[in-house]
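Worksheet: one structure, shown below.
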Amino acid sequence: MHRYRFLLFRPLQLLPVLLGISIITFAMVRAIPGDPARILLGVRSTPEALARIRAQFGLDEPLWVQYGYFLRNLLQGELGKSIVYRVDTLKLINSRLEPTLWLVLGSVLLAVILTVPLASLAARQRGRAADQLIRLFTTAGLGFPAFWLGIMMIIIFSVVLGWFPVSGYGSDFADQLHHMVLPCLTVALALAAVLIRNLRASLLMEMSSDYVVAARARGQRENRIFWRHVLPNSLVPTLNLLAVNIGWLIGSTVVIESVFAIPGLGQLLVKAIFSRDYMVVQGVVMVFALATVAVNLLADVLTVALDPRVKL
C-alpha cells in the first residue's frame with residue numbers, strides 16, 4: 001500500500017520544483033542584456049517596427065503579464081512562438097530533439113559499459129596495478145574539461161587517424177551512429193570517472209560486510225558471491241548518483257553539441273541565447289528540466305524496487 005502511495009504522490013511533489021524552475025528561467029532570460037526586437041530587425045530598425053514586433057510577441061507587457069502568458073502556455077502544452085524562427089517553439093524543439101536524445105542515451109550507455117567492469121576490476125584488485133591505473137583514469141577524467149576532451153578526440157581520432165567525422169550528425173542511421181561515437185564517448189568518459197569512483201567504494205564496503213564473510217565461511221565461490229550479491233547491492237548508490245548527474249549530463253550537451261556541430265537542443269539553446277529568442281530559451285530549458293525531474297523520479301522508483309530496505 002505504501003509503495004502505491006509513493007508512486008501516486010511522488011510525481012505531485014515534483015510539481016513545485018518545475019514551477020520554481022519556470023520562475024527562475026523566466027527571470028534569468030529577461031535579465032539577458034539586449035532587445036530581441038532590435039536584434040531581429042537590425043540597427044536600421046525604426047521605432048514603429050520595433051513597437052510592432054514587441055506588441056506581436058507581448059514584449060511590451062509588464063513582466064508579470066508575460067510570465068502569466070508563459071505559464072498559461074505551459075499548462076496548455078505549448079511553448080509560444082519563436083521570435084527568430086517565426087514557428088511554434090514546440091515544433092522547433094521536436095525537430096532538434098533526436099540528436100540530443102542520441103547523445104544523452106549513448107553517453108549513458110557507454111558510461112555504464114565502462115563503469116561496471118572497471119569498478120569491479122578495481123575493487124577486486126584493490127591496491128594492485130590495475131586498481132592504480134583505473135584510479136588514475138578517474139582522476140584524469142574528473143580533471144579534464146568536456147570541451148577540451150572533445151577537441152582532443154577530434155584531433156586524434158578524426159584529423160590524425162581519420163576514423164570518425166569531425167562534426168555533423170549524418171543522414172541515415174548508420175551515418176548518424178558513426179557521427180555520434182566521439183561526442184558520446186567524450187561525455188561518457190567524464191561521467192564514467194564519477195561513477196567508477198562511487199561504485200568502487202560501494203563494492204569495497206559490501207565486500208567487507210558480514211553476509212559476505214558468512215558466505216565465504218560456507219564455502220561459496222568468490223565469483224558467485226561477487227556477481228550475485230556484492231555487485232547488485234552496490235548498484236543502488238551508483239544508480240542514485242547517475243540520476244543526480246543527469247542534470248550535468250544534459251548541460252554537457254550544450255557544450256558538446258557546439259564542439260561537434262550537432263544540430264540538437266544544446267546548439268539551439270546557444271543560438272537562442274545570442275539572438276535573445278526568449279520563447280526558445282524558455283522552452284528548451286523547461287524541456288531539460290522536465291527530463292531531469294523525470295529521470296530522478298525513475299531513479300527513485302528503481303531504488304525502491306531494487307532495495308526493499310529503502311524507507312518510503
Evaluate L189 against L114 for side chain to side chain contact (heavy atoms under 4.5 Å, CB included), listing each step before the verdict. CA-CA 8 Å; L189 288 175; L114 290 172; 3.9 Å; yes

Would [X] and [Y] show up in the same hydrophobic cluster when neighbours are defined by side-chain heavy atoms closer than 4.5 Å?
X: F274; Y: V281; value: yes
X: I113; Y: L185; value: no
X: I256; Y: L177; value: yes
X: L290; Y: V108; value: yes
X: L203; Y: M205; value: no

Which residues pass the side-chain contact (heavy atoms from CB on, under 4.5 Å) test with K271, not counting sequence neighbours?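 Partners of K271 under the side-chain contact (heavy atoms from CB on, under 4.5 Å) test: Y85, Q267.
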
For R126, enumerate each residue passing the side-chain contact (heavy atoms from CB on, under 4.5 Å) test, keeping only those at least two apart in sequence or located in another chain.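 In terms of side-chain contact (heavy atoms from CB on, under 4.5 Å), with neighbours along the sequence ignored, R126 is linked to D131, R200, L204.
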
Hey, could you give me the CE/CG distance between M279 and L90, rounded to the nearest 0.5 Å?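 Output value for this atom pair is 14.0 Å.
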
Supply the atom-to-atom distance T115 OG1 to L191 CG, rounded to the nearest 0.5 angstrom.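 Reported to 0.5 Å precision, the distance equals 6.5 Å.
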
Between side-chain atoms of residues 95-106 and protein atoms elsewhere (two or more places apart, or another chain), which donor-acceptor pairs fall under 3.5 Å?
| unit_1 | atom_1 | unit_2 | atom_2 | d |
| --- | --- | --- | --- | --- |
| S95 | OG | L92 | O | 2.6 |
| E98 | OE2 | Y169 | OH | 2.8 |
| T100 | OG1 | E257 | OE2 | 2.8 |
| T100 | OG1 | L265 | N | 2.7 |
| W102 | NE1 | Y169 | OH | 3.4 |

Between M180 and I262, does the side chain to side chain contact (heavy atoms under 4.5 Å, CB included) criterion hold? Intermediate values first, please. CA-CA 9 Å; M180 295 302 291; I262 300 172; 4.0 Å; yes

Minimum-distance pair of heavy atoms, taken over all atoms of [X] and [Y]:
X: T238; Y: S234; value: OG1-O, 3.6 Å
X: G266; Y: F288; value: N-CZ, 4.3 Å
X: S107; Y: A188; value: O-CB, 3.5 Å
X: I93; Y: G283; value: CD1-C, 3.6 Å
X: A111; Y: L195; value: CB-CD1, 4.4 Å
X: L182; Y: P165; value: CD1-O, 4.3 Å

Side-chain contact test, heavy atoms from C-beta onward, threshold under 4.5 Å: evaluate it for V166 versus F260 and give yes or no.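 Heavy-atom side-chain distance check fails, nothing below 4.5 Å.
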
Quick one, S120 and V116 - any side-chain contact, counting heavy atoms below 4.5 Å?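 Touching, per the 4.5 Å side-chain cut-off.
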
Using ring centroids (six-membered ring only for Trp), state whether F164 and H179 fall under 6.0 Å.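 Between F164 and H179, which both carry aromatic rings, the centre distance is not below 6.0 Å.
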
Which residues pass the salt bridge (Lys or Arg N to Asp or Glu O under 4.0 Å) test with D175, not counting sequence neighbours?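 D175 satisfies salt bridge (Lys or Arg N to Asp or Glu O under 4.0 Å) with no other residue.
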
Apply the test side chain to side chain contact (heavy atoms under 4.5 Å, CB included) to residues L71 and L19: give CA-CA distance (whole Å), side-chain angles for both, the deciding distance (0.1 Å), then the verdict. CA-CA 9 Å; L71 193 60; L19 179 62; 4.1 Å; yes

For S158 and W163, run side chain to side chain contact (heavy atoms under 4.5 Å, CB included): C-alpha distance rounded to whole Å, both residues' side-chain angles, the deciding distance at 0.1 Å, then the answer. CA-CA 6 Å; S158 298; W163 291 354; over 6 Å; no

side-chain hydrogen bond (donor to acceptor under 3.5 Å, both in side chains) partners for S22, two or more places apart: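 Result, side-chain hydrogen bond (donor to acceptor under 3.5 Å, both in side chains) vs S22: Y67.
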
Would you be so kind as to tabulate the donor-acceptor pairs closer than 3.5 Å made by side chains of residues 132-157, with sequence neighbours excluded?
| unit_1 | atom_1 | unit_2 | atom_2 | d |
| --- | --- | --- | --- | --- |
| T138 | OG1 | R135 | O | 2.7 |
| T139 | OG1 | R135 | O | 2.9 |

